[in-house]
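Note on naming: letters A, B, ... go to the chains in the order of the sequence lines (proteins, then strands), and numbering restarts at 1 for each one. Note that the structure is predicted; figures quoted are calculated from it, not measured.
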Amino acid sequence: MRNPYNLVNKLFNTSEKTKKKKADEEEEGGGFKTGEGKQTQRYCSSGLHVMPVQLVFGGTSGTQVPAHLTRLPIPLISTSTDCSDKTVKDVLEVAGFTVGNSPTFQKDKLHPCNLHLSGEQACIYVLSSAFSAVSLPANKRSSSAAAKVLKSSKVSKYTYTRLSELKPGAVVNVYGVVVFFKQPFMSKGTDYCSTLKITDQSNQKVSCTIFCEKPEDHPRIFKTGDIVRLHRVKTKLFDGAVSLLNTFGFSVVTFDGAEGAAIIPRTASRSFHFNQVDQQTVEELRAWAATQGLISSISWIPLSAVQPKVYFDLTCQLLSKAPVDSTCVLLKVWDGTRCTHPLMTLSTEPAVTEGTSSLSKERDNLIAIVFVYDDHVEGTRKLKPGDFIRIYNLHALPAAGRLPGDFINQSEGTDKLVFHLHWGTSFGRGIRILPNDSQDIQDLKSVLELFPEDELNDSVLLEVWSTPPGTLDGSVEYATERRCAHNMDPVPLAQVKQADLFGQFHVKAQLRSYQPLKLYQALKLHCPKCNFIRDIPDGETVADLFSEASLKSGATPVPWAISGTVHLPAESHNSCSRTLTFYQSRQLITEGRPRDLVYLMGATLQETKKLAVGDQNIIPVLSLGGSLTLLPLSAPFLFQGRKQFYGCSQCSQVCLKALPEGMGMMTEKAVAEALGVQLLHHSLLMKLELQDETDMLQAFLWRDAEQFFQVSAEEAAASQEVQDVIQQTMTRLCSAGSSMTERPWLHLCLTSYQVEDNGQKKTCYQICNTAATINQPRC
DNA sequence: GATTAGGCTTCG
C-alpha cells in the first residue's frame, strides 16, 4: 500500500530537510567546578612549593583576575621591570613571577627574558578564552548533547589505573565495561545517585557510586556492556573491597560497548579530551568484553517474547501517559511486536491523558500498559508521547486483582498481562529516554515504520474534544483552535523540528505563507485504496474527453436497459446534427423510479451538466467495440446535481451491467459500486509555512483540511461559495501584504511523520485536529 | 570538601 503522506510530500516536491540541531555542549568538569560564585582552585606542584592555578571565567561570576593586578605587555618585559602586582597574559595569565635572562635567547631568538614562577606569590590564571573554541552560550546547552572533543589540547593528560591496581585513598581515572548499573535516582541528600559496577581486562569488578546534583551529569548508560571512562574518582574501602566514588572535578564519558559500533561519546560535558590512545582503549575493552560474554547479542526482549512473571528491559515508544493517582502513572507503549500472551487494555481519561487516551482495537496485543509507581513517577514527568524509552526491570504480571486505583475493578479474573515498574531501584529498576540516533532506537523505528502511520491517529479522530476556552492564554484571540484529545503544552517550532520523532505537538504560530495561492489548485482527488492523489482535471480537458466520446456514440443495445434517442439538429453550418442516446435501467423501471439514474451517450460536457441539474444522476457512456462502457476515468463517471464524481483508473474494474435489486438511495458510493468504479474522494491539500519566535516550519494541511476550513472538499469542488469560504479563511490568516504583527496567532496540533523521498527519509508535518474559529460562515 | 548509597525483585 502506498503511503499517502509520501504522495502529499511529492505533490509539493518539498526540499525541506529535517534539521537536526547539533547536540549542544557542556563543559567537562576538568578539575574545575564551574558553579557560579564558586571560587575554585587546583594546585599543581612546582618543586617544593605548591602553586595555585586558577581558571578564570568571562562575565562577572566565578574567579576573576584580582583588580589590583595590572597587565604587563610582553615586549616591554626586561630584567629591570617592576613585577609587583603585574600580570602577563598569554594563554595563561600569571602573577607573582620574577624575571630572569633567557638562557636560550641566543639560540631561539624569542624573548630575552624568562618568567620565573616560584614562591608563595606565584599564581597562574588559566583564561577561559583558552577554552573558547568549545564554549557555547548557556542557552544553547542541553543535556542530550554530544560534547566537542579536544583532540589536540595539551592542557591535560590522563593516566588510567587498572581496576585490579586500585589502592584505597587515591583519586584516579579509570576505564571499565559496565556489568551492572542503576539509572540516577534521588538520594536522601541533595544529589541524584547512580551506582554502577565495572570491570576491565584485569577481571576485577569494582562498584562505583556517583553523586551529582543533575541527572544529566551522571554516566549515560543504556545497557550492560557500555564502556565508561571516569575521571577523578576516589577509591574507598567498603565491605573489604575498593569502591569508587566521584570527587571534585569528576567527569564521565560513556560509549557503546559493541565491537564495530561508532565511537560516539555520551556526555553532558561541553568539552572533553579524547585522543587516539582513548580510542584504542575503547576498542580494546570492546574486544575483551566480547570474549567475556559481557555484551549480549540480543539488544532487548521484544514484547512478543514476554511471558507472565518475567522481569525484563523493554525498549519501546511511548504512546500516551496518564496519571492514576499520586503514586502511580499509566504509560501505554509499543515496540511494534505483538505479545503472544493477551495484553490488558484500559482506557484513560482523555482530559488527563497526554497522547491518545484510547487506542484502536487493531492494536490488540501491540500496546502494553505500564504502571509506574512511587519514586519512578518523577522520571515520567519529562516523558512525552513519541519518546523512545527503555524501562529497566519491568515486571510482567496477570492483571487479576493487581491494578492500582479504579482499574482494580476492571481486572478481576483476567490473566491478561500488565506491566509494573515497582517501587525501589533493585536490579537497576528505572526508566530512561534513549536518544533517537542510538542503534537500538534506529532498529525499533524501522520496525514501527512497518505500521501505517495514521493508524495510531484513527482513534484520535473518534475523540474530537474541544479545548476548553479557559485554556487559551490571556486576551490573545486565536484564529484557530485545537480539536484534539491531547493534553499537552504548546512547544516552540524549533523544538518540534529538533524532536525528530513521530508524534503530536501543540504549537502556537502565525502563518507566514501558503501554497497554492490559487485555491482551486488545492482541490485534489484521492483514492482511499491505492492512496493516489491527483488534481481535478480542468474543464477544457474534460470537455475534450466528451467530444471524443461523442464520436463513439453508435446505437448499442444492452439487455439490462432500454434506450431512447433525442435528435439534435445542426446548430450552425459548420456543425452536424447529433443524436443523444439515453439508457434507463430495467431494474429501476421495475422499481418504478426509472429517472433515478440515466446513462447518457453522445452529449457534450455542457449538455451533461445541464441535464444533471435538479439532482439527476447522469452517467456518461460511450460505445466501444459494440458494448457500452464509461468514458476514460479522467472524466467524471457520475454527474449528480452540481457535483461530479471521479473514479480511480488504477483501482476500478468497470463493468456496465444490470443494477442490483433494491439499491436504495442513488448515492455516488452505491453507483460507483454498481459500475465497478473505485470512487475518488475530494480532498484539500495545502502547504502552510508557520512561524513563531523560534523558527519556521512547513506543514501540510491535508488529512484534516476539511475540519480546518469547516467545509466539505466535495462541496468546494462544486460550489464557488464554498471556495470563497476557504479563500476568506486564508485571507484572514495571511492576507497578502500584511505584516506578521497584523496576522493572527494560531493554536495548532501538529503530527510529525517520516516519509521516504528518493530513498531519503525525511520528516514531514501535518496540521491535524485543528479548526479555524472566528468569523466562520456556515456552509 | 558535608550528605546521599553501599545492587540482589513486587503494596499496587
(message) Test of understanding: with side chain to side chain donor-acceptor pair (under 3.5 Å), list the residues that count as partners of Thr414(A), not counting sequence neighbours.
(response) none
(request) Between Lys234(A) and Lys188(A), just flag the one whose closest nucleotide in DNA chain B comes earlier from the 5' side. (result) Lys234(A)
(message) Can a side-chain donor-acceptor contact be found between Tyr311(A) and His395(A) if the only test is distance below 3.5 angstrom?
(response) yes
(request) Return the value, rounded to whole Å, for the distance between atom CG of Asn246(A) and atom P of dT3(B). (result) 15 Å
(request) For Gln201(A), check side-chain contact (heavy atoms from CB on, under 4.5 Å) against everything at least two apart and list the hits. (result) Arg162(A), Glu284(A), Leu285(A), Trp288(A)
(request) Any ring pair (Phe, Tyr, Trp, His ring centres under 6.0 Å) involving residues 173-201 of chain A? Give me the pairs, sequence neighbours left out, ordered by first then second residue. (result) Tyr160(A)-Tyr175(A), Phe181(A)-Tyr392(A)
(message) Test of understanding: with side-chain contact (heavy atoms from CB on, under 4.5 Å), list the residues that count as partners of Thr345(A), not counting sequence neighbours.
(response) Asp364(A)
(request) Quickly work out the Leu244(A) CG to dT4(B) C1' distance and round it to whole Å. (result) 17 Å
(request) Indicate for each nucleotide in nucleotides 7-12 of chain B, in 5' to 3' sequence, whether protein heavy atoms under 4.0 Å reach the base (B), only the sugar-phosphate (S), or nothing (-). (result) BSBBBB
(request) Round to a whole Å and report the spacing from NZ of Lys236(A) to C1' of dG1(B). (result) 13 Å
(request) Provide the distance between the two P atoms, one in dT10(B) and one in dG6(B), to the nearest whole Å. (result) 14 Å
(request) Could you list the residues that satisfy side-chain contact (heavy atoms from CB on, under 4.5 Å) with Ala258(A), not counting sequence neighbours? (result) Asp256(A), Ala261(A)
